[in-house]
Amino acid sequence: MSDLFAALALAVFIEGLLYAAFPEQMKRMIAQVLAMPAGQLRMGALVMAAAGLVLLSIVRV
């Protein structure tokens, strides 16, 4: 369980760094995401989740 919390904390930390370092670019990216059709956004999210799962399984071996 501690690994899960560590991973979530790292994700929040990295996201915070991105917003601090590139605020205007992040605002543009959010606007682009809002303009995407729901199906395309869902498919992209599923692909990224699968890629993350594959990377996690590689790192954990």
Distance, nearest 0.5 Å, that separates CZ of F5 from CG of L10: 15.0 Å
Is it the case that one hydrophobic cluster holds both L18 and I30, taking links as side-chain heavy atoms less than 4.5 Å apart, direct or via other members? yes
Residue pairs passing the salt bridge (charged side-chain N to carboxylate O under 4.0 Å, His left out) test with at least one member in residues 37-49, sequence neighbours excluded, are none
Tracing side-chain links under 4.5 Å among I, L, V, M, F, W and Y, which residues wind up in one group with L55? none
Hydrophobic cluster membership, M1 vs L8, 4.5 Å side-chain cutoff: yes
If you measure from CZ on R28 to CZ on F22, what distance do you get to the nearest 0.5 Å? 11.5 Å
Residue pairs meeting side-chain hydrogen bond (donor to acceptor under 3.5 Å, both in side chains), one or both in residues 52-61, sequence neighbours left out, come to D3-R60
CE of M43 to CE of M36, rounded to nearest 0.5 Å, is 12.5 Å
Can you tell me how far the CG atom of L34 sits from the CE atom of M29, to the nearest 0.5 Å? 10.0 Å
